[in-house]
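The following block contains the structure, expressed as structure tokens.
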Amino acid sequence: MPAHEGRAEALRVLMPSPIGPLGIELLGTVVTRLWIAPAEPVLSQLVPLRKLEGSEVLDEIFGHLSEYFAGARRKLELEFDLGPSGLNPIARRVLKEVCRIPYGKTRSFTEVADSAGRSAAGQVLAVLQENPLPILIPCHRVLTDESGLGSYVGGTDRKRWLLDLESQATELV
């Protein structure tokens with residue numbers, strides 16, 4: 001049974017980050033959505049961080065993300081669930097493959113499609129553009145086949161920033 005089952009209402013919070021405010025949606029202790037604001041039009045529904053001080057779950061989420069953005073964390077070990085997102089099986093396979101891309105590495109759309117199965121070939125770009133959990137599912141690590149940057153749900157400047165962060169942190173090891 002998913003950790004959020006039986007809970008009717010999601011909690012939405014806003015977290016500052018170097019790439020702009022992040023909206024985070026939780027059902028219980030599970031992250032069900034993450035977006036780079038103001039891509040979400042209803043910011044008034046978000047609870048500012050200062051109103052939720054003392055929440056162990058939020059402390060853990062914000063801690064992991066803050067460490068990631070500081071280059072001190074390579075793996076975001078946060079519980080998330082794609083269940084509420086309404087994704088089809090092909091989209092789930094694509095996102096599962098994206099999760100396998102190591103920190104500081106990239107893959108092409110074609111490599112992701114090949115790993116996800118033949119039926120995914122024409123859908124990778126659309127799936128990545130609708131990724132409900134960017135950063136947690138690191139779609140910024142997927143590049144165009146021509147080794148170009150490609151698009152990103154948070155914009156290409158943010159994609160470049162995330163790739164630069166990961167490549168610089170990898171070089172320090």
Please state whether the rings of Tyr103 and Tyr68 are parallel, tilted or perpendicular, taking 30° and 60° as the class boundaries. perpendicular
Student check: side-chain heavy atoms of Leu34 and Ile137 closer than 4.5 Å: no
Quick one, Pro16 and Phe62 - any side-chain contact, counting heavy atoms below 4.5 Å?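 Pro16 vs Phe62: side chains apart.
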To the nearest 0.5 Å, tell me how far Glu79 CD sits from Asp81 CG. 8.0 Å
Donor-acceptor pair, side chain of Ser66 and main chain of Gly63, under 3.5 angstrom: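 Side chain of Ser66 to backbone of Gly63, a donor-acceptor pair under 3.5 Å: no, none is there.
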side-chain hydrogen bond (donor to acceptor under 3.5 Å, both in side chains) partners of Glu67, counting only residues at least two apart: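 For Glu67 the side-chain hydrogen bond (donor to acceptor under 3.5 Å, both in side chains) partners, ignoring immediate neighbours, are Arg73.
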Heavy-atom check, side chain of Val94 versus side chain of Gln123, under 4.5 Å: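 SC-SC contact between Val94 and Gln123 ruled out.
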Measuring from Leu136:CG to Ile61:CD1, what's the distance to the nearest 0.5 Å? 8.5 Å
Of the non-hydrogen atoms in Gly150 and Thr156, which two are nearest, and what is the gap between them? O-CG2, 3.3 Å
Can you find a pair of side-chain heavy atoms, one from Leu22 and one from Val13, that are under 4.5 Å apart?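 No, their side chains stay 4.5 Å or more apart.
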Tell me, do Glu130 and Val153 make a side-chain contact under 4.5 Å, heavy atoms counted?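 They are not in side-chain contact.
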Atom pair NE2/CG of His140 and Leu149 - distance to nearest 0.5 Å: 11.0 Å
Non-hydrogen atoms of Leu133 and Val31 that approach each other most closely: CD2-CG1, 3.7 Å
Charged N-O contact under 4.0 Å between Glu166 and Arg141: yes
Please determine whether side-chain contact (heavy atoms from CB on, under 4.5 Å) holds for the pair Phe109 and Asp114, giving the CA-CA distance in whole Å, both sets of side-chain angles, and the decisive distance to 0.1 Å. CA-CA 9 Å; Phe109 287 106; Asp114 288 347; over 6 Å; no
Is the backbone of Pro21 close enough, under 3.5 Å, to the side chain of Ser17 for a donor and an acceptor to pair up by distance? no
Look up atom CG in Asp157 and atom CG in Leu162, then write down how far apart they are to the nearest 0.5 Å. 11.0 Å
Does some side-chain heavy atom of Glu60 sit less than 4.5 Å from a side-chain heavy atom of Val57? no
Dump the intermediate steps for side-chain contact (heavy atoms from CB on, under 4.5 Å) on Thr144 and Ser151, then the final yes or no. CA-CA 9 Å; Thr144 64; Ser151 62; over 6 Å; no
Do any N or O atoms from the side chain of Arg92 and from the backbone of Leu82 form a donor-acceptor pair under 3.5 angstrom? yes
Do you know which two heavy atoms are closest between Ser115 and Glu97, and how far apart they sit? CB-OE1, 3.1 Å
Test side-chain hydrogen bond (donor to acceptor under 3.5 Å, both in side chains) applied to Arg107 - qualifying residues, sequence neighbours left out: none
CD1-CD1 distance between Ile135 and Ile19, expressed to the nearest 0.5 angstrom: 4.0 Å
Show your working on side-chain contact (heavy atoms from CB on, under 4.5 Å) between Leu14 and Ile24 and close with a plain yes or no. CA-CA 6 Å; Leu14 192 61; Ile24 302 168; over 6 Å; no
Is a donor on one side and an acceptor on the other found under 3.5 Å between the side chain of Lys159 and the backbone of Gly154? no
How would you list, by chain and number, every residue that makes a side-chain hydrogen bond (donor to acceptor under 3.5 Å, both in side chains) with Glu25, sequence neighbours excluded? Arg12, Thr32
If you compare all heavy atoms of Leu143 against all heavy atoms of Gly148, which two are closest, and at what distance to 0.1 Å?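 Between these two residues, the closest heavy atoms are CB-O, 3.2 Å.
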Reported OH-to-CG distance for the pair Tyr152 and Asn131, which is rounded to 0.5 angstrom: 7.5 Å
Of the non-hydrogen atoms in Cys139 and Pro134, which two are nearest, and what is the gap between them?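 Looks like SG-CB, 4.3 Å.
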Please examine the side chains of Val98 and Val142, heavy atoms only from C-beta on, and report whether any two atoms are closer than 4.5 Å. yes
